[in-house]
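Fair warning: this is a prediction, and the values are worked out from it, not measured in the lab.
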Amino acid sequence: MKFSELFVKTSREAPKSETARGARFLVQAGFVHKELAGVYDYLPFGLSVLEKIKNIIREELDKIGCQEVLLSTLQNPELWQKTDRWDIEKMDIWFKTELSSGGELGLAPTHEEPLTELMKSYIKSYKDLPVAAYQIQTKFRNELRAKSGIMRGREFIMKDLYSFSSTETEHEEFYHKTEQAYAKIYERLGIGDCTYQTFASGGVFAKYSHEFQTVVEVGEDTIWHNADWSVVLNEEVLQDEILENLGVKREELESTKAAEVGNIFTLKDKYSAPLGLEFTERDGTKHPVLMGCYGIGVSRLMGVIAEKFADTKGLIWPEAIAPFRYYLVGIGTEGVQKAAELYRGNENEILFDDRDLRPGEKFADAELIGIPYRIVVSGKTLENNEAEVTERKTGETKMVKLSDLTF
Ligand code: ATP
Ligand code: MG
């Protein structure tokens, strides 16, 4: 893409309302636009990052046999009444709206109810199980506090996966596959070494649920870990009995701030029983389908990654999700001409800063936007048929022969 053609402009001024560094840079670098507290628009760079995150999630979930769907946002109250989750007293984050013909609808905060109901049309027998369906969809939650930019939104993008099994063993097998797929996803997103699977409270359905927590200063959660991080748990399960279960002592644990980027839950028949999602066993008996649910905060992940890797100058995107791989600057007539040549045919990989600005301003934007590599060509570098390539993450610069530049 040519920078001159982009309608988005970067800004030197920090937005007043964003306190966290990553959140501030996302606005300044033109990745997102704030509509309201907790409500954001995604601009071309931001959308590109978001789509790359989604595709990594898709690839890993498809590998374990999950099938993608897209359910409606508008929700039928009747379903949520059956599971006792329609009442605002029971679920305080509902956004509700009205039909012009009378009656209420909800804006989906999650999708257990509609997907369980939908599956009644397709799951009849043990032969139809196991199955798993996921979607990447906008959720609405009337969160009391919406801070840290896109890390906690009132409208945000979630990947939600639901599994349907006939036996506990079948469920556990799938649960385990998801754990592994999640680890792979976070690794590919560049946060594998700072994202931990933690023990969280599991309610009445399992001993624990699990969360995936990324260590980051602005995280809202506190996690506790032992010296080698082999046991990591959420604060809410920091109880003697659980510690004993996990074989760790309170004294050996340390705490740190983290952001929940995903979670996995065993639901058993919590939703299938009240909604009547049953299957027929080999012997003709009927049983509620056993369910699991597995979330990933897609837009939160973008916020966490922005936050985690930002330095004082701007964002630093991991290569796998950067909107472009290269930021190209030509200096002087000769440099600009050569840059235009390099750009041709590599429009998706290169953000070509062809704006009529001083090199210093372009370099500052390159740092703010956080593209992994900056390539500079000038009369001077061309004397040796070279380009200067600088890695955003390390700041390391090296001279590369033009013939060795591969895009
Ligand atoms: P939290 O404790 O952060 O409120 P949650 O327990 O409500 O999260 P789920 O309802 O299970 O989370 O949602 C699945 C995932 O969606 C979470 O792990 C998180 O990454 C993300 N998520 C939840 N709420 C928000 C939000 N308000 N804004 C952005 N992402 C969110
Ligand atoms: Mg929540």
Side-chain angles (χ1 to χ4, degrees), residues 57-87 90-91 105-106 108-137 139 158-182 185 197 200-211 262-296:
I57 295 174
R58 280 194 179 104
E59 282 173 22
E60 295 305 324
L61 293 185
D62 291 350
K63 271 188 213 160
I64 60 164
C66 303
Q67 299 170 48
E68 188 169 0
V69 295
L70 181 60
L71 301 193
S72 74
T73 292
L74 292 175
Q75 296 297 303
N76 174 1
E78 278 174 32
L79 295 181
W80 301 80
Q81 277 152 358
K82 285 188 189 160
T83 57
D84 201 19
R85 293 215 291 177
W86 178 250
D87 202 331
K90 294 281 161 52
M91 203 151 72
L105 293 179
T110 178
H111 277 84
E112 283 82 3
E113 281 79 351
L115 189 63
T116 306
E117 178 69 21
L118 182 153
M119 283 298 180
K120 282 159 70 179
S121 304
Y122 307 103
I123 297 173
K124 308 282 181 199
S125 129
Y126 69 94
K127 289 181 202 154
D128 301 323
L129 296 168
V131 285
Y134 74 97
Q135 61 174 346
I136 298 174
Q137 210 249 13
K139 305 286 192 246
M158 191 201 285
K159 183 285 297 172
D160 44 331
L161 161 69
Y162 306 86
S163 67
F164 303 85
S165 308
S166 62
T167 64
E168 300 248 344
T169 317
E170 214 172 76
H171 167 73
E172 273 154 28
E173 267 168 25
F174 184 79
Y175 192 92
H176 187 56
K177 272 200 257 176
T178 312
E179 285 176 322
Q180 291 173 324
Y182 271 34
I185 290 166
Q197 182 168 344
S201 57
V204 292
F205 306 102
K207 212 184 228 165
Y208 311 109
S209 68
H210 294 98
E211 286 183 358
N263 59 26
I264 54 180
F265 275 96
T266 293
L267 295 171
K268 280 204 171 147
D269 62 354
K270 183 178 180 188
Y271 299 98
S272 50
L275 288 162
L277 174 63
E278 292 182 327
F279 70 99
T280 310
E281 251 308 354
R282 284 177 183 78
D283 62 6
T285 55
K286 286 195 168 181
H287 306 273
V289 172
L290 300 178
M291 289 175 57
C293 71
Y294 316 81
I296 289 185

For the OH atom of Tyr271 and the NZ atom of Lys82, what is their distance to the nearest 0.5 Å? 15.5 Å

Write down the atom of Met119, the atom of Ala133, and the distance for their closest heavy-atom approach. CE-CB, 4.0 Å

So which atom in Ser209 and which in Ser201 form the shortest heavy-atom distance, rounded to 0.1 Å? OG-O, 2.9 Å

CG (Leu275) and CG (Asp269) are apart, to the nearest 0.5 Å, by 11.0 Å

Between Leu79 and Pro114 the two heavy atoms that sit nearest each other are CD1-CA, 3.8 Å

dist Tyr162:OH -> Leu118:CG (nearest 0.5 Å) comes out at 12.0 Å

Quick one, Thr169 and Thr167 - any side-chain contact, counting heavy atoms below 4.5 Å? yes

Could you label the plane-to-plane angle of the His287 and Phe279 rings as parallel, tilted or perpendicular, counting under 30° as parallel and over 60° as perpendicular? tilted

Do any N or O atoms from the side chain of Tyr182 and from the backbone of Gly295 form a donor-acceptor pair under 3.5 angstrom? yes

Could you measure the distance from the CD1 atom of Ile296 to the CD1 atom of Ile185? Nearest 0.5 Å is fine. 4.0 Å

Would you check if the side chain of Thr280 reaches a backbone N or O of Lys286 as a donor-acceptor pair within less than 3.5 Å? no

Ionic contact status for Lys270 with Glu112, cut-off 4.0 Å: no

Side chain to side chain donor-acceptor pair (under 3.5 Å) against Tyr126, all qualifying residues, sequence neighbours excluded: none

Answer whether the closest heavy-atom distance between the side chains of Ile64 and Gln180 falls below 4.5 Å. no

Using salt bridge (charged side-chain N to carboxylate O under 4.0 Å, His left out) as the criterion, list what pairs up with Lys120, not counting sequence neighbours. Glu117

Spacing of NZ belonging to Lys159 relative to SG belonging to Cys66, to within rounding of 0.5 Å: 7.5 Å

Are Phe164 and Leu115 close enough, and set up right, to give a side chain to side chain contact (heavy atoms under 4.5 Å, CB included), and what steps lead you there? CA-CA 10 Å; Phe164 303 85; Leu115 189 63; 3.9 Å; yes

Side-chain H-bond candidate by donor/acceptor type, Gln197 with Glu179, under 3.5 Å: yes

Minimum heavy-atom separation for Thr116 to Met291, with atom names? OG1-CE, 3.2 Å

Shortest non-hydrogen contact between Lys124 and Ser121, atoms and distance: CE-O, 3.9 Å

Which residue in the set His111, Gln137, Lys139 passes side chain to side chain donor-acceptor pair (under 3.5 Å) when paired with Thr73? Gln137

Indicate whether the side chain of His171 and that of Glu168 have a donor and an acceptor atom separated by less than 3.5 Å. no

Provide the full list of ring-ring contact (aromatic ring centres under 6.0 Å, His included) pairs with a residue in residues 68-87, sequence neighbours left out, each pair given once. Trp80-Trp94, Trp86-Trp94

Nearest non-hydrogen partners of Glu170 and Ser165, listed with the distance: OE1-CA, 3.3 Å

Rounded distance (nearest 0.5 Å) linking atom CG of Leu129 with atom NZ of Lys127: 12.0 Å

Which is it for Thr266 and Tyr175 under the side chain to side chain contact (heavy atoms under 4.5 Å, CB included) test, yes or no, and what are the steps along the way? CA-CA 8 Å; Thr266 293; Tyr175 192 92; 3.6 Å; yes

Give the intermediate values and the outcome of side chain to side chain contact (heavy atoms under 4.5 Å, CB included) for residues Phe174 and Leu290. CA-CA 11 Å; Phe174 184 79; Leu290 300 178; over 6 Å; no

Are the side chains of Glu113 and Asn76 in contact, using a 4.5 Å heavy-atom criterion? no

Run the side chain to side chain contact (heavy atoms under 4.5 Å, CB included) test on Tyr134 and Asp62 for me, step by step, so that the C-alpha distance in whole Å, both residues' side-chain angles and the decisive distance to 0.1 Å come before the verdict. CA-CA 10 Å; Tyr134 74 97; Asp62 291 350; 2.8 Å; yes

